[in-house]
Chemist: 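Starting off with a structure, shown below.
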Amino acid sequence: MTVPTRVCEPQTEAELIARARALSGLSFAELAQRFSLMAPPDLRRAKGFVGALLERALGASAGSRALPDFETLGIELKTLPVDGRGRALESTFVCTIPLAEIGEVEWQASRVRRKLSRVLWIPVQGEREIAVPERRIGEPLLWSLTPEVEARLRFDWEELAGIIGRGDVESITGHIGRCLQIRPKAADSHARRRAIDADGVGFAALPRGFYLRASFTSEIVRAHYALSSYDTSSGSGETPT
DNA sequence: GATTGATCATGT
DNA sequence: ACATGATCAATC
């Protein structure tokens with residue numbers, strides 16, 4: 001048995017999809033084993049494990065550079081933790097926000113639009129009741145921004161970017177935005193990034209990022225049906241009250 | 001139970 | 001430092 005440490009970048013969309021389909025049904029432990037890795041017992045200290053594992057298995061090229069995961073194809077990879085009914089369990093990080101400049105950026109040129117233009121969604125089992133190594137990978141969905149969805153994202157983005165542009169970033173909470181929201185994105189709450197206040201004066205603000213709400217990604221994945229069904233049957237006593 | 005704000009690991 | 005990959009856990 002061979003033990004590859006990396007996989008080359010897929011050269012075509014068809015190749016990428018074929019690879020992704022071939023991974024569906026595998027557990028994290030099974031996929032990790034192919035790279036001589038051990039799936040962690042929990043994700044508390046390994047939050048990026050699943051994403052990094054799938055990147056590696058699919059031949060994502062970008063590393064931690066600000067480029068699409070599949071550079072030549074212009075496709076972004078996102079794993080999406082879902083429950084037994086296919087509903088997203090977490091929001092999806094999109095990108096960090098250049099606080100001092102976003103007020104002068106237009107939607108067409110925004111990081112959000114670029115990132116979400118084309119996304120390979122890979123649903124994965126995310127319920128905490130399932131041990132991490134045993135969680136399974138679902139069916140991939142190659143998705144493109146449609147005019148309808150773009151209009152919704154743009155609406156939220158313009159509201160949020162507008163607030164920052166006016167110098168009111170400190171007034172933003174995660175409550176704003178129907179599908180897109182802004183939340184902190186930092187090592188801790190003491191991290192600071194340059195921003196501009198209402199008088200045009202620079203100040204140090206908590207770094208923030210754009211996130212897609214779980215309700216929004218659930219719609220996307222449900223609309224195209226992804227994770228068909230992986231043993232949600234076993235009656236191990238999950239009766240809602 | 002859902003959501004927001006906080007946090008963790010790794011690579012360049 | 002700051003980008004990537006996200007989930008945790010307190011709170012609503």
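Letters A, B, ... mirror the listed sequences (proteins, then strands); counts begin at 1.
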Chemist: For the pair made of CD in Glu127(A) and C1' in dA2(B), what is the distance, rounded to whole Å?
Modeler: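 So the CD-C1' distance, Glu127(A) to dA2(B), works out to 15 Å.
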
Chemist: Which residue, Arg111(A) or Glu90(A), contacts DNA chain C at a nucleotide closer to its 5' end, judged by nearest heavy atom?
Modeler: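 Nearest nucleotide further toward 5': that of Arg111(A).
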
Chemist: Is it true that atom CZ of Arg113(A) has more than 12 heavy atoms of other residues, nucleotides or ligands lying nearer than 6.0 Å?
Modeler: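 For Arg113(A), atom CZ is crowded (more than 12 foreign heavy atoms under 6.0 Å).
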
Chemist: Rounded off to whole Å, could you give me the CG-to-P distance for the Leu99(A) and dA3(C) pair?
Modeler: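 Those two atoms, CG and P, are 10 Å apart.
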
Chemist: With a cut-off of less than 4.0 Å, is there a side-chain N or O of Arg44(A) near OP1 or OP2 of dC8(B)?
Modeler: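 For Arg44(A), the contact criterion (side-chain N or O under 4.0 Å from OP1 or OP2 of dC8(B)) is not met.
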
Chemist: If you compare all heavy atoms of Leu153(A) against all heavy atoms of Trp107(A), which two are closest, and at what distance to 0.1 Å?
Modeler: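 That would be CB-CH2, 3.8 Å.
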
Chemist: Hydrogens and angles aside, do Ser91(A) and Arg183(A) bring a side-chain donor and acceptor to less than 3.5 Å of each other?
Modeler: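 Side chains of Ser91(A) and Arg183(A): pair found under 3.5 Å.
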
Chemist: NA contact type, Ala52(A), heavy-atom cut-off 4.0 Å: base, sugar-phosphate, or nothing?
Modeler: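 If one applies the 4.0 Å heavy-atom cut-off, Ala52(A) turns out to touch nothing in the nucleic acid.
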
Chemist: Keeping Ser117(A) on the side-chain end and Arg114(A) on the backbone end, is there a donor-acceptor pair under 3.5 Å?
Modeler: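 Side chain of Ser117(A) to backbone of Arg114(A): no pair is present.
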
Chemist: Reading DNA chain B from 5' onward, which residue's closest nucleotide shows up sooner: Lys185(A) or Ile176(A)?
Modeler: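 The answer here is Ile176(A).
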
Chemist: If you look at every strand shown and take non-hydrogen atoms under 4.0 Å, does Arg183(A) touch a base, only sugar-phosphate, or nothing?
Modeler: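 Since a base atom lies under 4.0 Å of Arg183(A), the category is base.
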
Chemist: Nearest-Å distance, CZ (Phe35(A)) to P (dT10(B))?
Modeler: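 My rounded result for the distance is 18 Å.
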
Chemist: Does a nitrogen or oxygen in the side chain of Lys115(A) sit under 4.0 Å from OP1 or OP2 of dT4(C)?
Modeler: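 Result: yes.
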
Chemist: Which residue lies toward the 5' end of DNA chain C, Lys47(A) or Cys95(A), if each is placed at its nearest nucleotide?
Modeler: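 Checking each residue's closest nucleotide, the 5'-ward one belongs to Cys95(A).
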
Chemist: Mind checking if Thr92(A) touches a base, just sugar-phosphate, or nothing, with heavy atoms under 4.0 Å?
Modeler: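 Touches nothing.
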
Chemist: Could you state the atom-to-atom distance from CG of Asp42(A) to P of dA9(B) in whole Å?
Modeler: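 In whole Å, dA9(B) P and Asp42(A) CG are 11 Å from each other.
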
Chemist: Rounded to the Å, how far apart are Leu212(A) CG and dT3(B) C1'?
Modeler: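 In whole Å, dT3(B) C1' lies 15 Å from Leu212(A) CG.
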
Chemist: Rounded to whole Å, how long is the line connecting atom CD of Gln181(A) with atom P of dT3(B)?
Modeler: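 That distance rounds to 9 Å.
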
Chemist: Describe the nucleic acid contact of Pro81(A) in one word from base, sugar-phosphate, nothing, applying a heavy-atom distance below 4.0 Å.
Modeler: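 Here Pro81(A) touches the backbone only, sparing every base.
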
Chemist: Using a cut-off of 4.0 Å on non-hydrogen atoms, how would the nucleic acid contact of Ala186(A) be classed: base, sugar-phosphate, or nothing?
Modeler: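 Result for Ala186(A) = base.
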
Chemist: Check every atom of dT3(B), dG5(C), dA3(C) against the side chain of Arg213(A) and return the nucleotide holding the closest atom.
Modeler: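 Closest of the options to the side chain of Arg213(A): dT3(B).
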
Chemist: For Arg135(A) and dA6(C), what is the distance between atoms CZ and P respectively, to the nearest whole Å?
Modeler: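 Spelled out: CZ on Arg135(A) to P on dA6(C) is 14 Å.
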
Chemist: Would you sort out whether Leu116(A) and Val149(A) count as a side-chain contact (heavy atoms from CB on, under 4.5 Å), showing the intermediate values?
Modeler: CA-CA 10 Å; Leu116(A) 298 181; Val149(A) 171; over 6 Å; no

Chemist: Could you tell me whether Lys47(A) and Glu90(A) have a side-chain N and a carboxylate O separated by less than 4.0 Å?
Modeler: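 The answer is no: the pair does not qualify as a salt bridge.
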
Chemist: Checking all strands, does Gly48(A) fall into the base, sugar-phosphate, or nothing category for heavy-atom contacts under 4.0 angstrom?
Modeler: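 Gly48(A): base contact, heavy atoms under 4.0 Å.
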
Chemist: By the 4.0 Å heavy-atom rule, please label Leu206(A) as base, sugar-phosphate, or nothing.
Modeler: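 The answer is sugar-phosphate, as Leu206(A) gets under 4.0 Å only of primed atoms, P, OP1 or OP2.
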
Chemist: What does Thr173(A) touch in the nucleic acid at a heavy-atom separation under 4.0 angstrom: a base, only the sugar-phosphate, or nothing?
Modeler: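 Here Thr173(A) touches the backbone only, sparing every base.
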
Chemist: So what does Lys78(A) hit on the nucleic acid, given a heavy-atom distance under 4.0 Å: a base, only sugar-phosphate, or nothing?
Modeler: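 It contacts sugar-phosphate atoms only.
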
